[in-house]
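For reference, the structure is listed below as structure tokens.
Quick note: numbers below take in every heavy atom, side chains included, and nothing from hydrogens, waters or symmetry partners. Quick note on labels: first sequence line is chain A, next is B, and so on, each numbered from 1.
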Number of protein chains: 4
Amino acid sequence: MNMYTDKRADFYKDRYENRARLIIKCPDQPGIVSAISTFLWNEQANIVSSNQFTVNPKGGEFFMRLDFEYQPGTNVEKLKKEFQEVAERFQMEWRLSLVHELKNIAIFVSKEPHCLLELLWEWQSGDLMANIPVVISNHENSREMVEALGIDFYHLPVTKETKQEIEAKQKEILEDYDIDLIILARYMQILSPTFVEVFKNRIINIHHSFLPAFIGAKPYERAFERGVKMIGATSHYVTNDLDEGPIIEQGTEPVSHEHNVDDLKKIGQSIERRVLAQAVKWHLEDRIIVYGNKTIVFE
Amino acid sequence: MNMYTDKRADFYKDRYENRARLIIKCPDQPGIVSAISTFLWNEQANIVSSNQFTVNPKGGEFFMRLDFEYQPGTNVEKLKKEFQEVAERFQMEWRLSLVHELKNIAIFVSKEPHCLLELLWEWQSGDLMANIPVVISNHENSREMVEALGIDFYHLPVTKETKQEIEAKQKEILEDYDIDLIILARYMQILSPTFVEVFKNRIINIHHSFLPAFIGAKPYERAFERGVKMIGATSHYVTNDLDEGPIIEQGTEPVSHEHNVDDLKKIGQSIERRVLAQAVKWHLEDRIIVYGNKTIVFE
Amino acid sequence: MNMYTDKRADFYKDRYENRARLIIKCPDQPGIVSAISTFLWNEQANIVSSNQFTVNPKGGEFFMRLDFEYQPGTNVEKLKKEFQEVAERFQMEWRLSLVHELKNIAIFVSKEPHCLLELLWEWQSGDLMANIPVVISNHENSREMVEALGIDFYHLPVTKETKQEIEAKQKEILEDYDIDLIILARYMQILSPTFVEVFKNRIINIHHSFLPAFIGAKPYERAFERGVKMIGATSHYVTNDLDEGPIIEQGTEPVSHEHNVDDLKKIGQSIERRVLAQAVKWHLEDRIIVYGNKTIVFE
Amino acid sequence: MNMYTDKRADFYKDRYENRARLIIKCPDQPGIVSAISTFLWNEQANIVSSNQFTVNPKGGEFFMRLDFEYQPGTNVEKLKKEFQEVAERFQMEWRLSLVHELKNIAIFVSKEPHCLLELLWEWQSGDLMANIPVVISNHENSREMVEALGIDFYHLPVTKETKQEIEAKQKEILEDYDIDLIILARYMQILSPTFVEVFKNRIINIHHSFLPAFIGAKPYERAFERGVKMIGATSHYVTNDLDEGPIIEQGTEPVSHEHNVDDLKKIGQSIERRVLAQAVKWHLEDRIIVYGNKTIVFE
């Protein structure tokens, strides 16, 4: 852990001392909100914000994200145990977390550093509520700026032959740093299915096109060939179908005949930075729920 | 009532037959959501969507908008009476309405018809959930297109001398048509304080600038003189301080040195159309709550 | 010709009396601008605006759009003949037109009238510099609003069997009205290759997706299935490859998990209106040059 | 000079070896374009891009920005001398520069580093065509990140008493580094009139509101009080009337009732970064011409 991480943890502990968050998924039926809010009221907890969504209003699924302040001195473990009774009644999948407990992020990057830089910039200025203990790259070029921030940097070049071995090494690092979320910040290697499986819905990628347009390689080149008047970027959770995972956020910018492929890349970089950082923030604040191949994003 | 209005009423009655909406404002305290949701659960009602907001989390005010489906055959008047008990416990200001009961709109317009046309367009294509029985103008030029839609049109020119008399006539018309909401769709006359008082938070105006920039007359001319690179429009509730009422929505578009005043007006018209129509829709769906000189908009 | 058309023609004749426009395409080489501007100077003409673009700066193609004011009393036919000498020297494809000479538009539409309405709205308020003498539809439902504006309306339903015969009828109408530009304002029939060939680069279509995403049928349904966070629309010239013609303009809007397919359609309609109207205006002002399967748009 | 600066200079020298740029302002009259383009043709130079604009078409002023490639081995000083004859004929104010000659930037900053960081980020990744040899601040906190990039950092705290003396010191530094452009990247001190006079149209400021709304101090606080639904930022040249100088670029973002003052600042920072960086790039590429209190921006 580095200096930034320690300061951050203290700051959030102070600010969100008694703040907890409940994420819920269950079959829709009358009485859910009543049961939850009555439970919290009995604990003298105060609901700070609440979002809900029902897929297919009749007979569908119910999703909720709810922040509350509990009474100082509350035994949160006991509270969880008691909530279990409510949860079982409604067949809930649920998770109760303390808002000041920060997630640990590992960033994977290849040669182009713009997305990495954006994340580090946001983090350094206190806008990413997370710890970033480690960056892993198949190139050396970002080492200096990463280490300057007190973040560990691992250079793990990948070849066809070493791929399996490198992934083993990566997993070891991820375990060592107790990583909750992996960000592929323009990491140009494809992860193996077993790797993806371990981190299901916990790997966020940025694809440099407006999916499903220009799936796969060289999207800016193909956008130029087609003569589009807008380009875009897409952040999504990684699945084993290339560029087909649940979409989190997308952005676009206008372009014109005056722009060549290099111009498109340049304009695209600023979209990528924005769209990836947004997705990461939403994930860190538990605003994203994956259902099927889609996401619910409680903005 | 005209053909469009009748069809619309039938359509919404069908679609939202058992849908009700609760708007609530009260001092914040623990237990509010629990009390409301438990009340609804006891009535076997199902919460369809719910938004809440607290101004100043500690010791502040609580606002809620909640849509629910009640059981077919429910006696809504009895339900209201029973809710009164909950409301009193929490000192609520509240309103329970049936979603299919449409509001009646009167549109005031002067010479420029673009905002009127946008509203009629949205209404005709079924996107404005309201009745529009009457249009009032101090000019004749919009009569034809209004009457073609089966809407009554009153030409009431205003002079300094006749102003009081005309307002009396306007009020009479508004009563005759049982008007809930007045839209000033580029109506270039200032309404008297007593008129405004009667329709408090029920008159929506569109101002052709990005308030508080260019308050008052000739905003596009002044924007041109200043050499701004963006122009805008603002929809707001009318108060007796000119262009100072609670803002509902704002929009902007880029402009350049190539645009003269006429170009700014043209670009501005499309912003005005969009920003006014958005505000009107939010009002019709009870998404706006005024507090102090601001609005809460539950999008 | 109807009342609107006549008024419009007079207005533009007055405003742009001595304004001409030169569109040029030729192999790039030094001296082109010098030759053109010197020619105009010798005619005592004043260049009002000028745009140029070179594809592949070295050894590529040169494109230019230039507006100029000629001296009152200038013999434009003579001027054209004299320019021919310059044009030949540089192997130009060129066109010189008088700005006040309006193009004649035919709008094709099926059941959904939103794009038609937008165009008529823009036209009626003087923002489309064109004549619109005729609308052709395979449905009856837009007749009333079209004829109310003094525009002729032809109801030509299309079946597999009658397709050829109907196209013959359509061509006849287009000739009768001396049509320069066809707009497919959500016209859900595919035109035959020979029809398209006759009106090469003079048929503008609006496709209800962000091409090349969701080519073909039911784009909103497929966007919903994929869980995208933005939808879009694309205006393009029609070629015989479905949705593959040169793109003129594209637009996008954000959407969320709260939107169902109907919501996407509604949001999409406003993008379609905007994107189609923009493309039509650019075409009418001769701002678009097609090269290969792309467009140069001199904004 | 630092490592980045040297590499940059080499890169641009290579890329734009024979590229020159002509900026022209003169009374409008026929024959200007002809004279310029014929002059260039006689030099066997090739026009790469060209923009022109006339304020008040009849009897107004003509502005032009023109990039051209000259023949290798051309004596540019001689070319300038010969162009002087053309310039005099049309009473031109003009400037001919070599595109690869980079301008020298000094950045002034106070405590908030987000705008400084954005500029350094853009510069480091090769997107700002300039040298940045020096940063001047009245606070210490940015020293580390500035010096890490090989840029000199001067900490010059300002008090009422020392203001004059500090400005003298600043001017000395600006001369030592041969500075062409000063960027006030959230520098919270007001420069004296004599200082501003020396750098007329060469000091770019970012104001954290959508001017002319919220001129002066604490714009985000006032925006919050007013309950606006959009906030913005404005980049402009500094004059001696506070926040009244010629506007270069503006940007806006939507906000809602859920945002407190801190949220507005955070959202605003990203607008400020974007709007300032855009203005700086346009200045560096000589795309901005000031006339009166407005700017022409040849995008």
Residues forming a side chain to side chain contact (heavy atoms under 4.5 Å, CB included) with [X], sequence neighbours excluded:
X        : value
B:Ile190 : B:Lys163, B:Leu242
B:Ala106 : B:Phe108, B:Val134, B:Leu174, B:Ile179
D:Ala213 : B:Pro212, B:Ala213

Report task. Could you tell me which non-hydrogen atom of D:Leu211 sits nearest to which non-hydrogen atom of B:Val228, and how far apart they are? Result ->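 Residues D:Leu211 and B:Val228, closest heavy atoms: O-CG1, 4.0 Å.
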Report the donor-acceptor contacts between chain B and chain D below 3.5 Å as a table, one pair per row.
unit_1: B:Phe224; atom_1: O; unit_2: D:Lys294; atom_2: NZ; d: 2.7
unit_1: B:Arg226; atom_1: NH1; unit_2: D:Gly245; atom_2: O; d: 3.3
unit_1: B:Arg226; atom_1: NH2; unit_2: D:Asp243; atom_2: O; d: 3.4
unit_1: B:Arg226; atom_1: NH2; unit_2: D:Glu244; atom_2: O; d: 3.3
unit_1: B:Arg226; atom_1: NH2; unit_2: D:Gly245; atom_2: O; d: 3.0
unit_1: B:Lys229; atom_1: N; unit_2: D:Gln250; atom_2: OE1; d: 2.9
unit_1: B:Lys229; atom_1: NZ; unit_2: D:Thr295; atom_2: O; d: 2.9
unit_1: B:Lys229; atom_1: NZ; unit_2: D:Thr295; atom_2: OG1; d: 3.1
unit_1: B:Met230; atom_1: N; unit_2: D:Gln250; atom_2: OE1; d: 3.4
unit_1: B:Asp243; atom_1: O; unit_2: D:Arg226; atom_2: NH2; d: 3.4
unit_1: B:Glu244; atom_1: O; unit_2: D:Arg226; atom_2: NH2; d: 3.3
unit_1: B:Gly245; atom_1: O; unit_2: D:Arg226; atom_2: NH1; d: 3.4
unit_1: B:Gly245; atom_1: O; unit_2: D:Arg226; atom_2: NH2; d: 3.0
unit_1: B:Gln250; atom_1: OE1; unit_2: D:Lys229; atom_2: N; d: 3.0
unit_1: B:Gln250; atom_1: OE1; unit_2: D:Met230; atom_2: N; d: 3.4
unit_1: B:Thr252; atom_1: OG1; unit_2: D:Thr252; atom_2: OG1; d: 2.7
unit_1: B:His257; atom_1: ND1; unit_2: D:Val297; atom_2: N; d: 3.2
unit_1: B:Lys294; atom_1: NZ; unit_2: D:Phe224; atom_2: O; d: 2.7
unit_1: B:Thr295; atom_1: O; unit_2: D:Lys229; atom_2: NZ; d: 2.9
unit_1: B:Thr295; atom_1: OG1; unit_2: D:Lys229; atom_2: NZ; d: 3.1
unit_1: B:Val297; atom_1: N; unit_2: D:His257; atom_2: ND1; d: 3.2

Requested in this report: Heavy atoms only, distances under 4.5 angstrom: which of D:Phe210, D:Phe298, D:Phe214 has the most pairs with chain B? Name it, please.
Outcome: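 Greatest number of close heavy-atom pairs with chain B: D:Phe210.
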Query raised in the report: In terms of heavy-atom proximity below 4.5 Å to chain D, should B:Ile215 be classed as side chain, backbone, both, or neither?
Result: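 Contact with chain D is absent: no heavy atom of B:Ile215 under 4.5 Å.
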Query - Per-residue contact mode, D:Phe63 against chain B (heavy atom under 4.5 angstrom) - result: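 Neither part.
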